[in-house]
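Below is one structure, written out as structure tokens, with a few remarks after it.
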Amino acid sequence: MKVIIAEKPSVAREIARVFGATVKKDGYIEGKGYTFTWAFGHLLQLAPPQEYGYYGWSVQNLPMLPAKFKLSIRKVKSKEGMVDDPSVKKQLDTIKSLFDEATEIIVATDAGREGELIFRYIYYYLKCKKPFKRLWISSQTDAAIKDGFKNLKPGTDYDTLFNSAHCRSQSDWLVGMNATQALSLSSGTRSVLSLGRVQTPTLAMICSRYLENKNFVPQIYFQVAIQLDKDGQLFRAISAESFKSKEDAQIILDRVEDVTGGFANGGHIFSVEAKPRKEPPPLLHDLSSLQQEANKRKGFTADQTLSLLQNLYESKLVTYPRTGSRYIGDDVFAGVPTLIEKFTGHADFGKQATFLLSAKLNKRSVNAKKVTDHHAILPTGEKAYQLTPDQQAVYDMVVGRMLEAFHQECVKEITKIVVQSGAKFTASGTVISSAGWRAVFNEVDEEKKDEENTSLPKVKKGEDLPITNKAILEKQTKPKPFYNEASLLKALETAGKEIDDEELRYAMKDSGLGTPATRASIIETLIKRDYIKREKKNLIPTETGLSVYGVVKEQQIAQAELTGNWEKRLEEIRSGASVTEFQQEIQNYTRAITREMLKAGASLRAPKIVM
DNA sequence: GCAAGGTC
């Protein structure tokens, strides 16, 4: 009997279906001489400190550097504290008995570093010695699955990938556990002051943006506005220059040849530029872009959106949600017309879906090379009913985005008029001449509301128009806004793009900080630690958060570069470089950061009352 | 009591 193990039930079901296996058992599917089973993500994790004899939290234990790491079953909260997750325990038992009977194991966890780790941790935990082969596919269509099974790789081909994954896991444990205990113990506050490779740079980003915003000194500047009259249609133009003082602006204002100053034809049309601008449709959603949109539209937190999507995924209404790709392959694209057809009766989008059926579909989101473990989020086309309003909202964002992504370009007419009247003034306006994909939601872009849909009258170069009004505008420069969930997610995705070191920047280019699956939980962790709080839509640091930031901000653990550095080394390990050398460096860094944090906590201690 | 990673 051959046993196939997938990362999650949905994938095992898909593969079983392709094989024609239909016998559903508890924890696996059987048929055609194969058995298809699954994990639920990571079933095992690196064992906590007490399993190496580091009992309690104590400075004497630090730094904790286990000679050999152990694995333990994923924990879940219960009345008696953290206990082995019973459903995980049960599934491990199932996998164990299947592996015992197996003649061969085929690994079908996701094609990536963590997918490899998920399988290997199970395999080593169960002390299994059976040979295994690796299925390596990046899309789960029938063709891709069949093709993958014709090209199974020897399991040992991925030993170095496992090494890099194991190093990632151990390093996060060593640095995170030790730095956290060191800072918490030395602060003497008896609360958990956690630190980690991902959460601490994230906290640093929020704090530094907050301080930058708070310490921002707005600069006041002045502009001159004039109002012109073209055959009764009024429009506004603003001085091309801005001025530091009101007096300078006044000089320009006085030069304006306006009606009250006795000039009948005050504004001279110096130039008129009108050009069409084509705006391609947006890409399909990945998890992050959808979380950002749901935060902007509905104010949902990243965590809420993920959980709503998980519900929709479990109801088989949308495809796999924790994806980092905004593309689909040609195989999936082949099914898109049929999919669109299912939405021709949709209350909001029916008309656009019907339109798309006879239109040439835009293929901007179709690129097999940019599909990683999973493709972009799509509706499955299954009938949706009895959704809660929040589920419906997220579902509609998925459906709407699909229609947008395959829709036509939006064509805008951008007009720029330059008026001469003592000085140069400009008026600009944008008019949508063909809505294209923007017809789906038919909304005005909030951020660009001022310039969108401002239509300007038709004027000709050389014309002179009366100026009916003029004024000095007082404006001030604005600070960068606080982070909110949407802008933070975006910043985490693109973290590392500004690193000076080219190699580190390259190493991080596809990752950023955290992963699609973990970013929502990072935000929740920072809130749970009382480092940050939600204030309206913004993420604001608390006093605790700011003081922790104060003591770590110069440390490597607070920089995105640390991840860049690790990613570079992990990639080298994947291509065969020494593991021990990296592990040695991590141990050294663990000793250093532990020492630093044991000192640093003192400044967080509440001042003693002097009698 | 602690990391980051994955998933139901």
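The model shown is predicted, which means the values in this text are computed figures rather than measured ones. So that the names make sense, note that chain A is the first sequence line, chain B the second, and so on, each numbered from 1. Excluded from the calculations below are hydrogen atoms, water molecules and symmetry mates; all remaining heavy atoms, backbone and side chain alike, are included.
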*Cut-off 3.5 Å, side chains only: do A:S288 and A:Q292 have a donor facing an acceptor?*
yes

_Any residue meeting side-chain hydrogen bond (donor to acceptor under 3.5 Å, both in side chains) with A:E561, in chain and number order, not counting sequence neighbours_ = none

*Using a cut-off of 4.0 Å on non-hydrogen atoms, how would the nucleic acid contact of A:E114 be classed: base, sugar-phosphate, or nothing?*
sugar-phosphate

*For A:F119, which contact category applies under a 4.0 Å heavy-atom criterion: base, sugar-phosphate, or nothing?*
nothing

_Applying a 4.0 Å non-hydrogen cut-off, can you work out what A:R113 is touching in the nucleic acid: base, sugar-phosphate, or nothing?_
nothing

*Taking only residues two or more places apart in sequence, or in another chain, which ones meet A:D530 in a side-chain hydrogen bond (donor to acceptor under 3.5 Å, both in side chains)?*
none

*Report yes if the distance between the aromatic ring centroids of A:Y125 and A:Y121 is under 6.0 Å, otherwise no.*
no

*Contact class for A:P49 (heavy atom, under 4.0 Å): base, sugar-phosphate, or nothing?*
base

*Remember a base hit wins even if backbone is also touched, and classify A:G514 as base, sugar-phosphate or nothing at under 4.0 Å, heavy atoms.*
sugar-phosphate

*Report which part of the nucleic acid A:N178 touches: base, sugar-phosphate, or nothing (heavy-atom distance under 4.0 Å, all strands).*
nothing

*Heavy atoms under 4.0 Å, any strand shown: does A:L195 hit a base, just sugar-phosphate, or nothing?*
sugar-phosphate

*Map A:L306 and A:D172 onto DNA chain B by nearest heavy atom, then report which one ends up closer to the 5' terminus.*
A:D172

*Within the structure shown, what part of the strands sits under 4.0 Å from A:E116 by heavy-atom distance: base, sugar-phosphate, or nothing?*
nothing

*State which residues pass side-chain hydrogen bond (donor to acceptor under 3.5 Å, both in side chains) with A:D110; sequence neighbours excluded, sorted by chain then number.*
A:K8, A:H374

*Tell me, which pairs form a salt bridge (Lys or Arg N to Asp or Glu O under 4.0 Å) where one or both residues lie in residues 49-72 of chain A, sequence neighbours left out?*
none

*Under a criterion of less than 4.0 angstrom to any heavy atom of chain A, what are the 5'-terminal and 3'-terminal contacting nucleotides of DNA chain B?*
B:dG1 to B:dC8

_By the 4.0 Å heavy-atom rule, please label A:R519 as base, sugar-phosphate, or nothing._
nothing

*asked:* So A:V192, base contact, sugar-phosphate only, or nothing? Heavy-atom distance under 4.0 Å.
replied: base

*Does A:M177 or A:H42 map to a spot on DNA chain B nearer the 5' end, using the closest nucleotide for each?*
A:M177

Using distance only, find each side-chain donor-acceptor pair of residues 520-528 of chain A under 3.5 Å and give its atom names and separation, not counting sequence neighbours.
residue : atom : partner : partner atom : Å
A:S521  : OG   : A:T518  : O            : 2.8
A:E524  : OE2  : A:R534  : NH2          : 2.8
A:T525  : OG1  : A:S521  : O            : 2.9

_What's A:T518 touching, base or sugar-phosphate or nothing? Going by heavy atoms closer than 4.0 Å._
base

